[in-house]
2 protein chains.
Amino acid sequence: MARIAADGETDVGGPAKNRRAEQRMALFHARLRERALKSTAPRDDIARVFFALSRHVSAEELYAEVKRINPHVGYATIYRTLKLLKDCGLLSERHFDEGQARYEVVGEHHHDHFICEDCGRILEFEDEAIERMQRNIARRLGVTLHRHKLELYGRCADCAAKAGDQDL
Amino acid sequence: MARIAADGETDVGGPAKNRRAEQRMALFHARLRERALKSTAPRDDIARVFFALSRHVSAEELYAEVKRINPHVGYATIYRTLKLLKDCGLLSERHFDEGQARYEVVGEHHHDHFICEDCGRILEFEDEAIERMQRNIARRLGVTLHRHKLELYGRCADCAAKAGDQDL
DNA sequence: CTAGTTGCAAATGTTTTGCACAAAC
DNA sequence: GTTTGTGCAAAACATTTGCAACTAG
């Protein structure tokens, strides 16, 4: 009924992950060509790191990772490339309840998020019933639905175990 | 099954609204006394305007309105009072997909929001089935749910009518 | 009196932008 | 050779904070 995946839980650094990352890079280059935009070293470095991480990264985290392989890159290029990847439909931007945005690789299916308020861990889930219900509400409100955002906040199993004595 | 209310649609500026706003002010003063905090002119002005507006206001909008009745008040006091009202459980802070936060008076029942991407109008709705389903997902994920955020984005009926020829 | 409150200006943190230089097509 | 992309520093934006002056209890 519902698929559940923890952050980066699928293909943990394995060959499948690399293959997928390479596919994304190919797609990225194709999109650039379509738009007559240029393929450059900083752009490729940022995109490659982003696809390889494939978690919910912040610009800051991505910047730090990119610096390791290309210390020359500036923050502005990080943000510009993130926006470009978004325009290319390869990235989606999320604003959870923190100051900074988080970015994730666009996958095959839509999903929503659970965010642990203690450790920040992000779990993804999918539920067709909820999707259906949202469409019902849209009909009832007489509006056209473009997109939605469902975020659950709470405490993950690990943190609940750790906090056990103090909180329960 | 589900209650639906447009922004400020209930008690449009009528006596019921004023009565409710006064009740909130009384509650606010009670909460201040409990905490041994002071009741001051700027605080009261901000709270009164906030309760009277009772929409999804931004700090900027609230500041502008408060300035009209007390031009002396600064931005810092707006933010400090918003935080205070939140701590008192009289206000809830929302971060829709804009840069700035929006604040609303805490009412009797929990509700979620639809936001029109064209005109910015905000509709509120309530749906017990969705609430139930979220609890199911939390159980499935093995997490403890503290709160959630469900936002639908799209085009309201009015904007759809206006855009009719161009878009549909 | 004394702790809490205010307004201002300056600081903050994240993201964007102007611009001169550099690199791709 | 153009056009596009880059890095840097500065700007922008919403929000927070330090501080000296003020005021409610």
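Note that the coordinates shown come from a computational prediction; the quantities given were computed from them, not determined experimentally. Sequence lines set the chain letters: A, B, ... in the order given, protein chains first and strands last, and positions in each chain run from 1. The basis for the numbers below is simple: all heavy atoms, side chains too, and nothing from hydrogens, waters or symmetry mates.
Between A/Lys83 and C/dT16 there is a side-chain N or O to OP1 or OP2 distance below 4.0 Å.
In terms of heavy-atom proximity, B/Val105 sits nearest to B/Phe50 at N-CZ, 3.6 Å. Minimum interatomic distance between A/His110 and A/Glu126 (heavy atoms only, all atoms of both residues): O-CG, 3.0 Å.
Exactly one residue among B/Ile69, B/Leu84, B/Val66 makes a side-chain contact (heavy atoms from CB on, under 4.5 Å) with B/Ile46. That residue is B/Val66. Each of B/Lys67, B/Glu60, B/Glu65 was evaluated against B/Tyr63; a single residue qualifies, B/Lys67, per the side chain to side chain donor-acceptor pair (under 3.5 Å) test.
Between A/His148 atom NE2 and A/Ile130 atom CD1 the span is 8.0 Å, to the nearest 0.5 Å. For the atom pair NE2 of B/His95 and CG of A/Asp97, the computed distance is 7.0 Å after rounding to the nearest 0.5 Å.
Side-chain contact of A/Glu124 with A/His56: a donor-acceptor pair under 3.5 Å is present, judged by distance alone.
Here the range on DNA chain D touched by chain A, meaning any atom under 4.0 Å from one of its heavy atoms, is D/dT3 to D/dC8.
As rounded to whole Å, 15 Å separates atom P of C/dT12 from atom CD of A/Glu60. Rounded to whole Å, the distance from CZ on A/Arg33 to P on C/dA24 is 16 Å. Following rounding to the nearest Å, A/Leu82 (CG) and C/dT14 (P) show an atom-to-atom distance of 14 Å. Distance A/Glu61 CD to C/dG13 C1': 15 Å, rounded to the nearest Å.
Residues A/His113 and A/His111 place their aromatic rings such that the two centres sit under 6.0 Å apart.
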N/O-N/O pairs, protein side and nucleotides 4-7 of chain C side, under 3.5 Å:
unit_1	atom_1	unit_2	atom_2	d
C/dG4	O4'	B/Lys38	NZ	3.3
C/dT5	OP1	B/Lys38	N	3.0
C/dT5	OP1	B/Arg43	NH1	2.3
C/dT5	OP1	B/Arg43	NH2	2.9
C/dT5	O5'	B/Arg43	NH2	3.4
C/dT6	OP1	B/Thr40	OG1	2.7
C/dG7	OP1	B/His72	O	3.4
C/dG7	OP2	B/Gly74	N	3.4
C/dG7	OP2	B/Thr77	OG1	2.3
C/dG7	N7	B/Arg80	NH2	2.8
C/dG7	O6	B/Arg80	NH2	3.3

